[in-house]
Amino acid sequence: MRPVSYSRVADVGTAIGTVAADPDSAFLAGGTTQVDLLRIYVAQPRRLVDINDLPLNRVEELPGGGLRLGGLARMSDVAEEPAVLRRYPMVAEALLLGASPQLRNMATVAGNLMQRVRCSYFRDTETACNKRAPGTGCSALDGINRGHAVLGTSECCIATHPSDLGVALVALDAVVQTEGPAGPRSIPIDDFFLLPGQTPEREHPLTHGELVTGIDLPPVPVAATSRYVKIRDRESYEFALVSVAVAMSVVGGRIAEIRLALGGVATKPWRARAAERVLEGAPATTDSFTRAAETELAQAVPHGMNAFKIELARRTMVRALAEMAEREGTA
């Protein structure tokens with residue numbers, strides 16, 4: 001067994017300095033994913049720096065009407081925050097559907113975004129995986145890939161990003177706040193998740209020692225009429241086969257504003273911009289919803305066992321949009 005040292009820090013500067021000084025170190029927050037990866041030797045840091053004492057666990061108002069979710073805010077606390085429930089219900093729903101109560105009480109919102117893929121080949125050190133061991137190949141391409149991605153894939157990786165929260169944040173154009181050895185940065189959420197391309201081992205643009213300190217939700221009035229729909233194999237805790245985050249306003253029977261993102265089908269939380277373009281100004285009807293879904297999924301590439309996801313995603317998008325339209329009183 002590989003020995004791992006542990007230390008606990010109380011301020012952001014010390015945390016960043018400690019991890020940045022040692023290339024084999026890592027931050028430790030809720031640990032709900034990281035400890036699992038340590039146990040199976042996928043993650044092998046020699047030092048863990050516990051950051052749970054850092055003052056980054058609050059939900060705060062931002063000038064102009066947005067909210068900042070502290071990076072160490074627990075999923076359960078954010079899901080129950082009145083301002084989140086009132087102004088960003090899709091975020092609360094994504095958090096509640098994203099984990100069991102026990103995990104939500106431990107897991108942080110930053111950790112949720114940083115979690116690694118659930119691909120069984122990534123977690124099996126005896127198999128080829130470009131994400132875990134660059135250049136070894138992707139066993140999922142011709143293997144058991146029922147749960148894998150049909151959007152944003154490459155010949156190097158087809159693993160699906162597991163975050164439910166990330167899907168809602170992409171729909172809202174959230175901004176990730178970080179601090180690292182080079183100072184603070186603001187990273188648009190869609191740039192925070194990287195497509196695999198030829199470098200699937202690089203999932204985020206963060207440098208070593210860079211810490212996610214917060215997530216900014218911009219003032220998005222349409223988000224007050226939003227929801228998160230998740231389709232999974234079982235109703236108890238499970239990752240998405242397909243999920244849809246949607247915020248929509250309808251004026252005079254036509255869609256005045258639309259925010260749409262997909263989960264469970266792509267290598268990153270997927271902003272459905274092609275579908276949004278079809279829907280903007282269109283009648284809020286099933287025909288419009290179907291056309292938008294088919295336009296978005298025209299770029300999908302199936303891989304053996306996961307071909308069903310394309311039709312499932314189409315139906316789920318139409319369902320989510322129709323339910324929003326009915327809530328708006330137009331269906």
Side-chain angles (χ1 to χ4, degrees), residues 90 94 145-155 157-161 163-164 166-174 188-191 193-197 220 222-223 225-232 240-328 330-331:
M90 67 160 66
N145 52 31
R146 178 178 180 270
H148 286 67
V150 296
L151 292 168
T153 60
S154 75
E155 70 273 16
C157 183
I158 60 171
T160 305
H161 196 281
S163 175
D164 289 286
V167 180
L169 296 180
V170 164
L172 294 169
D173 291 321
I189 189 70
D190 209 22
D191 296 334
F193 301 106
L194 303 180
L195 291 171
V220 181
V222 73
T225 53
S226 66
R227 69 166 311 193
Y228 186 74
V229 176
K230 182 176 181 178
I231 305 299
R232 47 194 171 176
L241 291 172
V242 175
S243 65
V244 178
V246 56
M248 184 168 68
S249 66
V250 179
V251 178
R254 292 186 173 271
I255 299 170
E257 187 174 356
I258 181 71
R259 302 290 189 101
L260 193 62
L262 305 178
V265 293
T267 54
K268 60 182 281 185
W270 190 263
R271 183 69 177 268
R273 298 189 187 278
E276 289 179 347
R277 288 192 291 269
V278 171
L279 292 169
E280 289 171 356
T285 63
T286 300
D287 286 345
S288 296
F289 305 152
T290 301
R291 187 169 66 256
E294 291 174 347
T295 300
E296 187 65 47
L297 294 166
Q299 58 189 310
V301 178
H303 297 85
M305 297 179 183
N306 70 355
F308 76 98
K309 280 193 172 188
I310 298 174
E311 176 62 15
L312 183 61
R314 185 191 70 80
R315 296 187 184 197
T316 307
M317 291 174 72
V318 172
R319 169 191 159 185
L321 289 162
E323 289 176 354
M324 285 301 304
E326 184 176 2
R327 186 181 298 183
E328 289 276 273
T330 62

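No hydrogens, no waters, no symmetry mates; every other heavy atom, side chains included, goes into these values. Fair warning: this is a prediction, and the values are worked out from it, not measured in the lab.
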Donor-acceptor pair, side chain of Glu276 and main chain of Leu260, under 3.5 angstrom: yes
Treating Thr160 as the side-chain partner and Val265 as the backbone partner, does any N or O pair qualify as donor plus acceptor under 3.5 Å? no
Which heavy atom of Ala245 sits nearest to which heavy atom of Tyr228, and what is that distance? CB-CD1, 3.8 Å
Would a 4.5 Å heavy-atom cut-off, applied to side chains only, mark Arg271 and Asp173 as touching? yes
Do Leu262 and Thr316 have side chains that get closer than 4.5 Å, going by heavy atoms? no
Would you say Arg259's side chain and Ala171's backbone share a donor-acceptor pair under 3.5 angstrom? yes
What one should report as the nearest heavy-atom pair of Ala284 and Phe289 is C-CZ, 3.6 Å
Are any of the side-chain heavy atoms of Thr225 and Met248 separated by less than 4.5 Å? no
Roughly how far apart are Leu151 CG and Ile310 CD1, rounded to 0.5 Å? 8.0 Å
Look at the side chain of Lys309 and the backbone N and O of Gly264, then say whether any donor-acceptor pair between them is shorter than 3.5 Å. yes
Heavy-atom distance under 4.5 Å between the side chains of Val229 and Val246, does that happen here? no
Hey, what do you get for OG1 (Thr286) to CG (Leu321), rounding to the nearest 0.5 Å? 9.5 Å
Atom CD in Glu294, atom CD in Glu311: separation rounded to 0.5 Å? 8.5 Å
Salt-bridge contact Glu323-Arg327 (side-chain N to carboxylate O under 4.0 Å): no
Output for pair (Ile158 CD1, Asn145 CG), nearest 0.5 Å, gives 4.5 Å
Enter the distance from Ile255:CD1 to Glu280:CD here, rounded to the nearest 0.5 Å. 9.0 Å
Candidate pair His148 and His303, rule side chain to side chain contact (heavy atoms under 4.5 Å, CB included), full reasoning: CA-CA 8 Å; His148 286 67; His303 297 85; over 6 Å; no
Kindly give the heavy-atom pair with the smallest separation between Ala261 and Val170, and that separation in Å. CB-CG1, 4.3 Å
Shortest non-hydrogen contact from Val222 toward Ala247: O-CB, 3.7 Å
Sub-3.5 Å donor-acceptor pair from the side chain of Lys268 to the main-chain atoms of Asp191, do we have one? no
Taking all atoms of both residues into account, what is the closest heavy-atom pair of Ala282 and Val278, and its distance? CB-O, 3.5 Å
Please tell me if the side chains of Arg146 and Phe308 come closer than 4.5 Å, counting only heavy atoms from C-beta onward. yes
What closest approach, in Å, do Ala240 and Lys230 show between heavy atoms, and which atom pair accounts for it? N-CE, 3.6 Å
Please examine the side chains of Leu172 and Met90, heavy atoms only from C-beta on, and report whether any two atoms are closer than 4.5 Å. yes
Would you check if the side chain of Ser288 reaches a backbone N or O of Leu279 as a donor-acceptor pair within less than 3.5 Å? no
Is there a side chain to side chain contact (heavy atoms under 4.5 Å, CB included) between Trp270 and Val167? Walk through the geometry before answering. CA-CA 7 Å; Trp270 190 263; Val167 180; over 6 Å; no
From Leu195 atom CG to Cys157 atom SG, the distance as rounded to the nearest 0.5 Å: 10.5 Å
Are any side-chain N or O atoms of Ser154 and backbone N or O atoms of Pro196, one a donor and one an acceptor, separated by less than 3.5 Å? no
With a 4.5 Å heavy-atom cut-off, do Val150 and Asn306 have their side chains touching? yes
Has Thr295 got a side-chain atom pairing as donor or acceptor with Arg291's backbone, closer than 3.5 angstrom? yes
If you measure from the Lys or Arg side-chain nitrogens to the Asp or Glu carboxylate oxygens, is any gap between Asp164 and Arg232 under 4.0 Å? no
Can you check whether Met324 reaches Val244 side chain to side chain, under 4.5 Å on heavy atoms? no
